[in-house]
Amino acid sequence: MSVLKKDFYLQPVLKVAPALLGKFLVLRNGGTEIARMITEVEAYDGPNDKACHAFKGLTPRTKVMFEEGGVWYVYLIYGMYYMLNIVTGPRDYPAAVLIRGVDGSNGPGKLTTLYGVNSRFNGLESKKKLGLYIEDRGVVVKSSQIKKSPRIGVDYAGTIWSKKEYRFSTHMPTRESFQ
DNA sequence: TAAGTGATCTCT
DNA sequence: GAGATCACTTAA
């Protein structure tokens, strides 16, 4: 049981994304704690990825993605839903992993509603002190249990990038598996 | 299947 | 400042 450190996030996003499956997204707020296993993520890989927000360059919105790995990137989409991403890779390399699903929840919008995540976490470092962080609780997800598929909602990125299998999910059985 | 929602970006 | 866009959800 250990909180993921910065060097974990400094790896290439395509390594970090599948490695996050089976880890726990933890929100600690005073006496309450929400901790659920991550079951679905998507990778957004830097300046070459047309589906990546930062592809078009640095703007006030995307500048967080250019930070060093290990910080949260939170933004509002469709006027209602916050998306939760963790930035990866070295500084000035815009890449991030979108956390799309945790155990017992479907859809990234519902996930952030569940956790009460909003833009106040944007740009902040994922660590215990912040109260929102990712933890390794010893669940091992085998590569054979990881399903790859194209990302969701990125048709605008063109066939090459919208077909990339940068979405990773797992059907690992749930909380019984670690208690 | 389509509508709702609002920040952001790209033009004028 | 106006208009288009958007990594989603819900209700039908």
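Predicted, not measured: the structure shown is a model, and the values here were computed from it. We name chains A, B, ... by the order of the sequence lines, and we start the count at 1 in each one. Computed over heavy atoms, backbone and side chain alike; hydrogens, waters and symmetry mates excluded.
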Enquirer: Mind checking what makes salt bridge (charged side-chain N to carboxylate O under 4.0 Å, His left out) contact with A:Asp136, not counting sequence neighbours?
Expert: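 For A:Asp136, no residue satisfies salt bridge (charged side-chain N to carboxylate O under 4.0 Å, His left out) once neighbours in sequence are set aside.
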Enquirer: Can you check the A:Asp155 CG to C:dC8 P distance for me, whole Å?
Expert: 11 Å
Enquirer: Got A:Ile134 and A:Ile99 here, is their nearest side-chain heavy-atom distance under 4.5 Å?
Expert: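 Yes, close enough: below the 4.5 Å cut-off.
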Enquirer: Roughly how many Å is it from NZ in A:Lys50 to P in C:dA7, rounded to a whole number?
Expert: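 After rounding, the gap between these two atoms is 14 Å.
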Enquirer: Does C:dA7 have A:Tyr44 stacked on its base, where the ring centres are within less than 5.5 Å and the planes differ by under 30°?
Expert: yes
Enquirer: Give me the atom names and distance for the closest heavy-atom approach of A:Phe8 to A:Leu20.
Expert: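 Result for this residue pair: CE2-CD2, 3.6 Å.
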Enquirer: Would you kindly give the CG-to-P distance between A:Asn122 and C:dA7, to the nearest whole Å?
Expert: 17 Å
Enquirer: At less than 4.0 Å, is any side-chain N or O atom of A:Arg167 found next to OP1 or OP2 of C:dA7? Yes or no.
Expert: no
Enquirer: Is the backbone of A:Trp161 close enough, under 3.5 Å, to the side chain of A:Arg151 for a donor and an acceptor to pair up by distance?
Expert: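 Answer holds: yes.
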Enquirer: Quickly work out the A:Tyr81 OH to C:dC8 C1' distance and round it to whole Å.
Expert: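 My rounded result for the distance is 6 Å.
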Enquirer: Rounded to whole Å, please give me the gap between CG in A:Asn106 and P in C:dT9.
Expert: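 After rounding, the reported distance stands at 9 Å.
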Enquirer: Measure from the side-chain N and O atoms of A:Ser105 to the backbone N and O of A:Val102, and report whether any donor-acceptor pair falls under 3.5 Å.
Expert: no
Enquirer: Between A:Glu67 and A:Arg91, does any NZ, NE, NH1 or NH2 come within less than 4.0 Å of an OD or OE carboxylate oxygen?
Expert: yes
Enquirer: For each nucleotide in nucleotides 7-12 of chain B, reading 5' to 3', give B when a protein heavy atom comes within less than 4.0 Å of its base, S when such contact involves only the sugar-phosphate, and - otherwise.
Expert: SSS---
Enquirer: Once you round it to whole Å, what is the distance between P of C:dA7 and CE of A:Met65?
Expert: 12 Å
Enquirer: Roughly, in whole Å, what's the span from CE in A:Met83 to P in C:dA7?
Expert: 10 Å
Enquirer: Among B:dT5, C:dA7, C:dT9, find the nucleotide with the atom closest to the side chain of A:Val154.
Expert: C:dA7
Enquirer: Checking base pairs now: Watson-Crick or wobble, both atom distances under 3.5 Å. What partners B:dA3?
Expert: C:dT9
Enquirer: Considering only side-chain heavy atoms of A:Tyr156, which listed nucleotide, C:dC8, B:dG4, C:dA7, is closest?
Expert: C:dA7
Enquirer: Could you check whether A:Leu98 gets within reach of a base, just the sugar-phosphate, or nothing at all, counting any heavy atom under 4.0 Å?
Expert: base
Enquirer: Among A:Glu125, A:Lys127, A:Arg28, A:Lys128, exactly one meets side-chain hydrogen bond (donor to acceptor under 3.5 Å, both in side chains) together with A:Tyr133. Which residue is that?
Expert: A:Arg28
Enquirer: Report the distance from atom CD1 of A:Ile77 to atom C1' of C:dC8, rounded to the nearest whole Å.
Expert: 8 Å
